[in-house]
Amino acid sequence: MREIFAGLPWWVKWVAVPVIALVLFGGLIASVVGFVIGLLFKLLVFVALVGGLIWVVRKFTASSSSRSDW
């Protein structure tokens, strides 16, 4: 395989082959990237919601325990 690519011009190795790969596998690459970005967004929303829930619970438990001290 190296011998085949060694005899080709630089533009075939660095321009034509990547363009052909993007044309053939572009949809697959876009699907994988979209899936990963969607998963990271859902994970970020999950962490924010759990953090907000913990903050609300601590705020209400702290305020209810301070009322019982009166």
Side-chain angles (χ1 to χ4, degrees):
M1 193 71 168
R2 288 184 182 175
E3 295 86 20
I4 295 171
F5 276 108
L8 296 174
W10 67 269
W11 60 269
V12 173
K13 291 185 258 187
W14 299 107
V15 177
V17 173
V19 166
I20 292 171
L22 283 176
V23 168
L24 289 177
F25 301 109
L28 177 67
I29 293 169
S31 298
V32 170
V33 169
F35 175 75
V36 169
I37 290 174
L39 190 65
L40 288 175
F41 178 73
K42 288 179 183 179
L43 183 66
L44 181 66
V45 169
F46 175 75
V47 168
L49 288 174
V50 169
L53 178 66
I54 291 172
W55 181 78
V56 167
V57 168
R58 285 188 178 177
K59 186 170 179 80
F60 279 112
T61 56
S63 65
S64 66
S65 65
S66 65
R67 285 185 199 153
S68 63
D69 292 341
W70 288 87

Colleague: According to a 4.5 Å side-chain heavy-atom criterion applied to Ile, Leu, Val, Met, Phe, Trp and Tyr, with indirect links allowed, do Leu43 and Phe41 form part of one hydrophobic cluster?
Modeller: no
Colleague: At what distance, to the nearest 0.5 angstrom, does CG of Leu22 lie from CG of Leu28?
Modeller: 11.5 Å
Colleague: Answer yes if Phe25 and Ile20 sit in the same cluster of Ile, Leu, Val, Met, Phe, Trp and Tyr residues linked by side chain heavy atoms under 4.5 Å apart, and no otherwise.
Modeller: yes
Colleague: Using the rule that Ile, Leu, Val, Met, Phe, Trp and Tyr join whenever any side-chain heavy atoms are under 4.5 Å apart, tell me whether Trp14 and Trp11 fall into a single cluster.
Modeller: yes
Colleague: Are Phe60 and Trp55 joined in one hydrophobic group, where the rule is that I, L, V, M, F, W and Y side chains link up if heavy atoms are under 4.5 Å apart?
Modeller: yes
Colleague: Same cluster for Phe46 and Ile54 if Ile/Leu/Val/Met/Phe/Trp/Tyr side chains link at under 4.5 Å?
Modeller: yes
Colleague: Take Phe5 and Val12 through the test side chain to side chain contact (heavy atoms under 4.5 Å, CB included) and record every step on the way to the result.
Modeller: CA-CA 9 Å; Phe5 276 108; Val12 173; 5.6 Å; no
